[in-house]
Amino acid sequence: MKNKRNVFSCLTILLTGVIYFAVQAQQKNDTHRANFSGEWKSKESISMGGNIVCSYNSGDRMLANTMKIAEQTNFLTIQVSSSFPGTAPVTSQEQLTFDGKESEINHGGGRGKKFTVKMSADGQTMTVNSIVHLMVATPYHVNVQKQAFVYVTEVWKLSNDGKSISVQANAKSNLFNGERSWETVFDKVL
């Protein structure tokens, strides 16, 4: 009888310990997840930071200096207002879904982009791979346009204190030789 009580007591203590450590581990994972939500501002847009045009459309997030981001479980919604110099700002909203499936934005006239988004397992880094397609004038034949592509990889990292987002971008294109790399930092406004 005494042996049964000892075994039952040991099992109870062991089970309580296992549950306690499982709950603690789960809480630690939740507290380290990055949260990109908020309003963010930069001195220059992602596109212009690399001195490369990744969009020919006002309202594209690549042209924006300010972004409002709302993070959900499986996606981000980014609202921006952007324009080219001397033109009226255009407001747009883009949804970046973390499922790795291709999304597309079509601006018409051979302009737009296809992109995929992945969030790292630890939730600290987001990678956006885009293929921007443009129509550009042909050298010496301004009225003749040809299709151009810009391949852009953006790696978004939230700082440890949550007050800034660094976007490391790399681009290749048939418009220029080689690869260009640059970093754009957005600071949290709200």
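Just so it is clear, the model here is predicted, and its values are computed rather than measured. Starting from 1, each residue takes its place in the sequence as its number.
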Over 12 non-hydrogen atoms of neighbours within 6.0 angstrom of NZ in K157: no
Would you indicate whether D161, at its atom CG, is surrounded by more than 12 heavy atoms from other residues, nucleotides or ligands within a distance under 6.0 Å? yes
Give a yes or no answer on whether the side chain of [X] reaches the backbone of [Y] with a donor-acceptor pair at less than 3.5 Å.
X    : Y    : answer
N65  : S45  : yes
S37  : E71  : yes
S82  : L63  : no
H133 : Q147 : no
S159 : S164 : yes

Charged N-O contact under 4.0 Å between D99 and K118: no
Is it true that E154 and R61 have a side-chain N and a carboxylate O under 4.0 angstrom from each other? yes
For residues [X] and [Y], determine if any side-chain heavy atom of one lies less than 4.5 Å from a side-chain heavy atom of the other.
X    : Y    : result
I69  : W40  : yes
N170 : W182 : no
V117 : F75  : no
D187 : K163 : no
K146 : V136 : yes
T66  : E39  : yes
F98  : T73  : no
Q79  : T91  : yes

Find the distance between [atom1] ([X]) and [atom2] ([Y]) and round it off to the nearest 0.5 Å.
X    : Y    : atom1 : atom2 : result
E183 : Q168 : CD    : CD    : 5.5 Å
K172 : F149 : NZ    : CZ    : 14.5 Å
I78  : E94  : CD1   : CD    : 6.0 Å
M62  : S130 : CE    : OG    : 6.5 Å
I165 : T184 : CD1   : OG1   : 11.5 Å
E102 : T116 : CD    : OG1   : 7.5 Å

Which atom names give the shortest non-hydrogen contact between S181 and E179, and what distance separates them? OG-OE2, 4.1 Å
Shortest non-hydrogen contact from M135 toward R111: N-CG, 4.2 Å
Please tell me whether [X] and [Y] are part of a single hydrophobic cluster in this structure, the criterion being side-chain heavy atoms less than 4.5 Å apart.
X    : Y    : value
Y151 : L134 : no
F115 : M119 : yes
I105 : L96  : yes

Evaluate the side chain to side chain donor-acceptor pair (under 3.5 Å) criterion for residues T153 and N129: first the C-alpha distance (whole Å), next the side-chain angles of each, then the deciding distance (0.1 Å), finally the verdict. CA-CA 5 Å; T153 298; N129 288 301; 2.8 Å; yes
Report the C-alpha separation of Q95 and L76 in whole Å, then their side-chain angles, then the decisive distance to 0.1 Å, and conclude whether the side-chain contact (heavy atoms from CB on, under 4.5 Å) test is met. CA-CA 6 Å; Q95 185 170 317; L76 293 180; over 6 Å; no
Can you tell me how the ring of W156 sits relative to the ring of F36, calling it parallel under 30°, perpendicular over 60° and tilted otherwise? perpendicular
Worked verdict on K41 versus F186 for side-chain contact (heavy atoms from CB on, under 4.5 Å): CA-CA 5 Å; K41 188 169 181 73; F186 288 85; 5.7 Å; no
